[in-house]
2 protein chains.
Amino acid sequence: MADVNVSTLPHNPKGDGKGGPNPAQKAAETAGDEGIPAIELIELLFFAYRDFVGDADEMLARLGFGRAHHRVVHFVNRHPGMRVADLLAVLKITKQSLGRVLRELVDNDYIQQKAGATDRRERLLYVAPKGEELARQLVALQTRRIARALNECGPGTRIAARKFLASMIDPESRAEVERLISRAAGGK
Amino acid sequence: MADVNVSTLPHNPKGDGKGGPNPAQKAAETAGDEGIPAIELIELLFFAYRDFVGDADEMLARLGFGRAHHRVVHFVNRHPGMRVADLLAVLKITKQSLGRVLRELVDNDYIQQKAGATDRRERLLYVAPKGEELARQLVALQTRRIARALNECGPGTRIAARKFLASMIDPESRAEVERLISRAAGGK
DNA sequence: AGAAATATGTCAATATGGCTGACGTAAACG
DNA sequence: CGTTTACGTCAGCCATATTGACATATTTCT
């Protein structure tokens with residue numbers, strides 16, 4: 001699956017004897033420590049992620065931006081002075097795709113570009129005040145949801161969630177993601 | 001943020017005295033039980049989700065399908081006999097958008113339609129054998145990743161992850177999502 | 001110095017997956 | 001019988017991504 005929305009549900013009009021267990025169950029089966037099918041986590045991950053990014057989507061839409069802009073502002077804010085090539089590598093999109101989004105952000109004073117000091121071919125990217133403010137607001141929004149969730153859950157949840165999410169990442173990428181996170185987060 | 005990819009990182013060419021903590025930190029701050037900034041979870045959620053859906057994306061691409069098809073096959077498989085209107089409500093897209101995807105799936109024998117028994121205006125949706133097999137494979141793929149992650153983490157992780165993810169969902173939607181999950185999962 | 005590689009930008013065409021508005025048809029409902 | 005409902009479809013638009021080709025500056029290598 002990929003982003004999905006909820007709201008209403010399939011009805012089951014006249015209790016047509018279809019209420020019980022159904023397909024997709026054998027495939028799910030148990031997977032992990034207890035005897036609960038992983039399909040639960042599959043769908044929860046979906047809905048959780050949908051609402052998680054939904055917060056930002058709204059704010060962005062009001063500015064005429066989309067998720068692509070969010071990604072750029074977020075990463076540039078987290079890694080000031082990153083090069084265009086670095087951003088492309090992190091986002092894994094083509095420079096043509098980045099081009100439009102970056103241009104819009106630069107034109108609207110969310111992102112600044114500076115030629116590299118040692119290599120003037122490089123365009124080092126920085127958030128302008130507007131971009132920093134936007135990034136701050138977006139992080140605050142998403143932080144709020146996470147804080148609420150953590151508060152609702154037990155005290156060990158943060159650690160567990162952090163570990164679980166990290167384990168969900170491709171093993172090959174994990175080291176880089178950890179580096180990306182800790183580096184920007186001020187990890188020394 | 002929204003879906004992002006990792007791989008290389010911003011370089012920091014000549015140790016220009018930029019290695020330390022940087023912006024976006026004050027905004028992150030602590031949020032929850034311990035003193036760790038939520039921004040870690042924000043980014044982990046991203047990368048985890050990216051790889052999570054990436055599994056399916058590959059398989060789908062080989063069939064010429066996209067995420068839209070995945071959603072349809074997944075939900076129809078989980079809720080056999082659901083109506084088009086139900087699917088629209090769950091996916092929260094327009095019927096025009098669903099139309100194309102559904103037509104492709106029907107034309108290629110992944111999904112079957114049957115007129116409703118009591119209300120013949122309804123088109124009840126069922127997975128055809130090919131669709132069931134595809135849904136099974138996709139769930140298996142994602143289950144594998146989850147199982148691996150749970151195995152890597154402690155025994156309590158499943159419970160904690162389940163709770164955390166559920167708490168990340170909008171409070172208003174939570175009951176419906178739980179219903180959606182448990183109903184299809186064989187909840188009586 | 002000159003050639004090659006690198007970092008970036010840009011033009012053009014294409015695909016996917018959303019959207020809105022308008023209209024049509026069959027069936028149920030009152 | 002008229003209205004509403006469930007669904008489908010035509011037509012056009014938008015955002016985001018893609019590929020391929022090519023341009024321009026600048027650095028690096030020989």
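What's counted below: heavy atoms across the whole structure, side chains too, no hydrogens, waters or symmetry copies. Convention: sequence-line order gives letters A, B, ...; per-chain numbering from 1.
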Q.
Looking at Arg83(B), I'd like to know whether one of its side-chain N or O atoms comes within less than 4.0 Å of OP1 or OP2 on dC7(D).
A. no
Q: Find the distance Arg103(A):CZ to dC11(C):C1' and express it as a whole number of Å.
A: 11 Å
Q.
Of the listed nucleotides (dG17(C), dT16(D), dA7(C)), which one gets closest to any side-chain atom of Glu122(A)?
A. dA7(C)
**Q.** Integer-rounded Å distance: dG9(C) P and Leu102(A) CG
**A.** 7 Å
Q) Does a sphere of radius 6.0 Å around CD in Glu58(A) hold more than 12 heavy atoms from other residues, nucleotides or ligands, not counting ones at 6.0 Å or beyond? A) no
**Q.** Gap separating the CG atom of Leu88(A) from the CD atom of Gln96(A), nearest 0.5 angstrom
**A.** 9.0 Å
Q) How far apart are the closest heavy atoms of Arg145(B) and Met168(A), and which atoms are they? A) NH1-O, 2.6 Å
Q | Beyond-backbone contact of Asp119(B) with Glu122(B), side-chain heavy atoms, under 4.5 angstrom | A | yes
Q | Selection from dG17(C), dT16(D), dT10(C) that lies nearest to any side-chain heavy atom of His69(A) | A | dT16(D)
Q | d(CD, Glu104(B); C1', dA15(C)) in whole Å | A | 11 Å
Q.
How many whole angstroms separate atom NZ of Lys92(A) from atom P of dT19(D)?
A. 14 Å
Q) In whole angstrom, what separates Leu88(B)'s CG from dG8(D)'s C1'? A) 11 Å
Q. Between atom CZ in Arg100(B) and atom P in dA11(D), what is the gap in whole Å?
A. 16 Å
Q. Rounded to the nearest Å, what distance is computed from the CG atom of residue Asp86(B) to the P atom of nucleotide dT5(D)?
A. 16 Å
Q) With a 4.5 Å heavy-atom cut-off, do Tyr110(A) and Val72(A) have their side chains touching? A) no
Q: Select base, sugar-phosphate, or nothing to describe what Gly99(B) touches, counting heavy atoms under 4.0 Å on all strands.
A: nothing
Q. Any donor-acceptor pair under 3.5 Å linking the side chain of Asn108(A) with the backbone of Glu104(A)?
A. yes
**Q.** Whole-Å gap separating C1' (dT8(C)) and CD (Gln113(A))
**A.** 9 Å
Q. On DNA chain D, nearest-nucleotide positions of Gly64(A) versus Asp119(A): which is more 5'?
A. Gly64(A)
(Q) Below the 4.0 Å mark, does dA6(D) have OP1 or OP2 next to a side-chain nitrogen or oxygen of Arg123(B)? (A) no
Q) Using a cut-off of 4.0 Å between protein heavy atoms and nucleotide atoms, how would you tag nucleotides 20-26 of chain C 5' to 3' with B, S and -? A) BBB----
Q) Are the side chains of Arg162(A) and Glu40(B) in touch, meaning some heavy atoms are under 4.5 Å apart? A) yes
